[in-house]
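Report on the following structure.
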Amino acid sequence: MTAAGRDGSPYRSLPETRWAVLDVVREVAAEVGATPAQVALHWVTRRPAMPAPLIGARSPEQLAETLGALELDLTEAQLDRLTAVSAPDLPFPHGILARLNAGLPR
């Protein structure tokens, strides 16, 4: 028997941090009237380390939805929310050093 994830999906083994990212993606999508996929694609294309995302549309409709990400206009606050919720936990000792240095001038 397969147990379902917190949203009823079969992905119950995903860590809570991944669900938190999905929650924010869905919130932003609702705010701008887009699909979560469009928000996610728009967001990752604005990340400095993402040169070009690979898309795998299987139908003209799916391609049209994907290309809708190009027309989105997310605010800096929305992009910052997505970036903050998806920030990985740094391994020891980097996490401690980051917290200690957070308030220091650069």
Side-chain angles (χ1 to χ4, degrees):
M1 177 158 72
T2 303
R6 74 176 177 140
D7 72 344
S9 73
Y11 304 106
R12 70 177 175 89
S13 63
L14 289 177
E16 189 59 33
T17 53
R18 301 253 177 102
W19 290 111
V21 173
L22 182 56
D23 289 342
V24 174
V25 168
R26 287 175 173 165
E27 289 169 11
V28 171
E31 291 169 11
V32 298
T35 66
Q38 289 172 328
V39 168
L41 185 59
H42 180 86
W43 168 47
V44 298
T45 59
R46 266 98 189 129
R47 306 280 299 151
M50 178 56 71
L54 299 176
I55 57 172
R58 288 180 247 143
S59 68
E61 295 80 16
Q62 198 174 38
L63 179 61
E65 177 191 352
T66 301
L67 293 177
L70 300 173
E71 299 172 3
L72 288 182
D73 189 24
L74 300 183
T75 66
E76 285 300 315
Q78 290 167 326
L79 292 170
D80 289 346
R81 279 174 40 211
L82 291 162
T83 299
V85 74
S86 66
D89 290 331
L90 297 174
F92 180 83
H94 305 288
I96 292 171
L97 294 173
R99 287 190 298 277
L100 290 173
N101 292 326
L104 298 178
R106 296 188 183 243

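What's counted below: heavy atoms across the whole structure, side chains too, no hydrogens, waters or symmetry copies.
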N/O donor to acceptor pairs below 3.5 angstrom from side-chain atoms of residues 63-70, sequence neighbours left out:
from, atom 1, to, atom 2, distance (Å)
Glu65, OE2, Thr35, OG1, 2.8
Thr66, OG1, Gln62, O, 2.9

Among all residues two or more places apart in sequence or in another chain, which pass the side-chain contact (heavy atoms from CB on, under 4.5 Å) test with Ala29?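 Ala29 satisfies side-chain contact (heavy atoms from CB on, under 4.5 Å) with Pro36, Val39 only.
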Do you know which two heavy atoms are closest between Ala34 and Leu72, and how far apart they sit?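 That closest heavy-atom pairing would be CB-CD2, 3.6 Å.
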Rounding to 0.5 Å, atoms CD (Glu76) and CD (Gln78) come to a distance of 10.0 Å
Who are the side chain to side chain donor-acceptor pair (under 3.5 Å) partners of Glu61, not counting sequence neighbours? Ser59
Here's a test for you: under side chain to side chain contact (heavy atoms under 4.5 Å, CB included), which of Val28, Val21, Leu22 qualifies with Val24?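 Among Val28, Val21, Leu22, the one meeting side chain to side chain contact (heavy atoms under 4.5 Å, CB included) with Val24 is Val28.
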Which atom pairs, one a donor and one an acceptor, fall under 3.5 Å between side chains of residues 80-88 and the rest of the protein, sequence neighbours left out?
from, atom 1, to, atom 2, distance (Å)
Arg81, NH1, Glu31, OE1, 3.3
Arg81, NH1, Glu31, OE2, 3.1
Arg81, NH2, Glu27, OE1, 3.3
Arg81, NH2, Glu31, OE2, 3.2
Thr83, OG1, Trp43, NE1, 3.3
Thr83, OG1, Arg47, NH1, 3.2
Thr83, OG1, Leu79, O, 3.0
Ser86, OG, Leu82, O, 3.0
Ser86, OG, Thr83, O, 3.2

